[in-house]
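Note sheet for the following structure.
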Amino acid sequence: MSARISLVEDTDDLRKMLSQTLSDAGYNVRHYRRAQDFERDLDEWNPDLSIVDLGLPDKDGMGLLSDISTKKDTAILVISGRSSITDKIAGLELGADDYLTKPFEVSELLARVRALLRRAGPKTDEKSETTTYKFCGWTLDLDQFMLIDKDGEHTRLSASEAALMRVFLKRSNRLITRDQLREELGDRSDEFSFDRAIDVRVSRLRAKLRDSTKEPKIIKTIYGAGYILISDVE
Ligand code: CA
């Protein structure tokens with residue numbers, strides 16, 4: 001079954017062109033001019049990936065991002081005319097999985113879409129790989145992108161946070177370099193953006209794991225080298 005993609009873009013020409021390109025690439029696409037229509041459709045349509053323009057007429061882009069990333073488990077690719085690093089970091093902190101600055105090549109968009117869908121993985125049950133990990137009193141459920149504490153309290157992860165957590169858990173108690181992370185995650189962004197994005201995701205994961213920022217016990221930073229997840233993993 002082909003992946004479902006939602007596209008929210010208010011510029012008519014661009015929306016039509018992108019939606020056509022994505023359909024031609026074999027994806028199942030719904031497109032929207034307004035944030036309101038996109039949000040209304042989210043529950044029923046349950047897209048694997050949402051491509052979201054931040055400059056929309058009816059809703060602030062950052063507000064929209066934060067709403068969908070906390071409520072839905074769709075992967076999020078931001079396409080924005082805002083190119084500053086601050087905007088990129090803000091977007092990633094609000095739960096975007098990747099960020100493309102306009103104008104961009106269609107081939108670049110397709111490459112990012114493929115990478116995000118691969119990272120997010122199929123939503124349908126595919127039991128060939130472990131989808132539940134237990135570590136340090138926590139359970140990570142990769143089907144639901146859910147982190148569950150020992151009292152059963154649930155915390156949702158974004159698709160990119162879950163993908164990163166999975167890499168850490170698969171290689172626990174061993175140093176993981178940034179290059180290895182980039183390879184495992186299939187990330188194609190430049191080194192600077194990738195490093196910033198990883199820093200942001202690691203700090204979000206630490207917050208969700210209630211780990212200390214100053215002296216983390218679970219995901220440790222090895223300066224100039226990478227990270228180690230310290231725990232036995234079942
Ligand atoms: Ca716009």
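We count ligands from 1, going down the list as the structure has it; atoms in each ligand are counted the same way.
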(request) Measure from the side-chain N and O atoms of Asp37 to the backbone N and O of Tyr32, and report whether any donor-acceptor pair falls under 3.5 Å. (result) no
(message) Just checking Lys220: does its NZ atom have more than 12 heavy atoms from other residues, nucleotides or ligands closer to it than 6.0 angstrom?
(response) yes
(message) Can you tell me which N/O/S atom of Asp53 has the shortest distance to the Ca ion (ligand 1)?
(response) OD2
(request) Using only N, O or S atoms, tell me which atom of Asp10 is closest to the Ca ion (ligand 1). (result) OD1
(request) May I ask you to check if Arg156 and Phe145 form a cation-pi contact, with NZ or CZ under 6.0 angstrom from the six-membered ring centre and within 45° of the axis? (result) no
(request) Using a cut-off of strictly less than 3.0 Å, determine whether Gly55 has an N/O/S atom near the Ca ion (ligand 1). (result) yes
(request) Please name the residue in the list His154, Lys208, Glu153 that meets the side-chain contact (heavy atoms from CB on, under 4.5 Å) test with Leu147. (result) Lys208
